[in-house]
Amino acid sequence: MIKKIKPYLKIKKIDVLLYYMTPDFFVQFPSLDFKIEMEKINDNKSKYFIRINNVYVHKSFLFKKLNLLAIINKKGPAIGECSTINEYKGKSIYPFVINYIARDVLKISKEVFIVVNTDNTSSIRGIEKAGFKLHKRVQAKRFLWFYYNVKLNNSQ
């Protein structure tokens, strides 16, 4: 039992970029020949994905609420936990999917966020290609769901 809980009791260093999009600067991403599907996981989380021959080639998740956003006095919605399998990277699938999610979210919300680690340069390029703008860099430490030693910067 302790072994299962122990990883969650460690202090984790956070260094992420928060990007955002509003209806004011949303631009439709060019259409690709892929079908995006959506599956509701629970009340807070939905999975958007592209599946080819029963293989998930891309997955992105939409969270109605994300605790990290409380640092900037926001709740969400936020896109995160995105992944594309290697053989489909470089085909603009990532920006295509997150732009699609943003379009859906912005029909009912005034903004949508996406969180990315500062060292994930390929994801940062995809996020910017999809039309998201940098909001803040967040550096902090986290214990369980508590954030402390928080530093906010407006640029990378």
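Given the structure is predicted, the values throughout are model-derived calculations rather than measurements. Hydrogens, waters and symmetry mates are skipped; everything else that's a heavy atom, side chains included, is used.
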Subject >> Which residues share a salt bridge (charged side-chain N to carboxylate O under 4.0 Å, His left out) with D43, sequence neighbours left out >> reply: K40
Subject >> Pairwise salt bridge (Lys or Arg N to Asp or Glu O under 4.0 Å) hits with a residue in residues 75-95, at least two apart >> reply: K45-E81
**OP:** Output every pair passing side chain to side chain donor-acceptor pair (under 3.5 Å) with a member in residues 58-67, not counting sequence neighbours, ordered by first then second residue.
**Re:** H58-S60, H58-T84
**OP:** Would you mind listing every salt bridge (Lys or Arg N to Asp or Glu O under 4.0 Å) that reaches into residues 106-125, with sequence neighbours excluded?
**Re:** K74-E111, D104-K107
Subject >> Pairing residues for D15 by the side-chain hydrogen bond (donor to acceptor under 3.5 Å, both in side chains) criterion, not counting sequence neighbours >> reply: T118, R137
**OP:** Using ring-ring contact (aromatic ring centres under 6.0 Å, His included) as the criterion, list what pairs up with F146, not counting sequence neighbours.
**Re:** none
Original post:
Do Y48 and F61 have side chains that get closer than 4.5 Å, going by heavy atoms?
Top reply: no
Subject >> Partner residues of F49 under the ring-ring contact (aromatic ring centres under 6.0 Å, His included) criterion, sequence neighbours left out >> reply: Y56
Give the table of side-chain donor-acceptor pairs shorter than 3.5 Å for residues 32-39, with sequence neighbours excluded, one pair per line with atom names and distance.
residue, atom, partner, partner atom, Å
E37, OE1, R51, NH2, 3.3

Subject >> Candidates H135, K136, E128 - the one meeting side chain to side chain donor-acceptor pair (under 3.5 Å) with Y19 >> reply: E128
Original post:
What pairs with Y88 under ring-ring contact (aromatic ring centres under 6.0 Å, His included), at least two apart in sequence or on another chain?
Top reply: none
**OP:** For S92, enumerate each residue passing the side-chain hydrogen bond (donor to acceptor under 3.5 Å, both in side chains) test, keeping only those at least two apart in sequence or located in another chain.
**Re:** K129
Subject >> Partners meeting side-chain contact (heavy atoms from CB on, under 4.5 Å) with A130 (sequence neighbours left out) >> reply: P95, I98, N99, F132
**OP:** Check step by step if side-chain contact (heavy atoms from CB on, under 4.5 Å) holds for L66 and V115.
**Re:** CA-CA 10 Å; L66 197 63; V115 181; 3.8 Å; yes
Original post:
Under 4.5 Å between any side-chain heavy atoms of V97 and I50, yes or no?
Top reply: yes
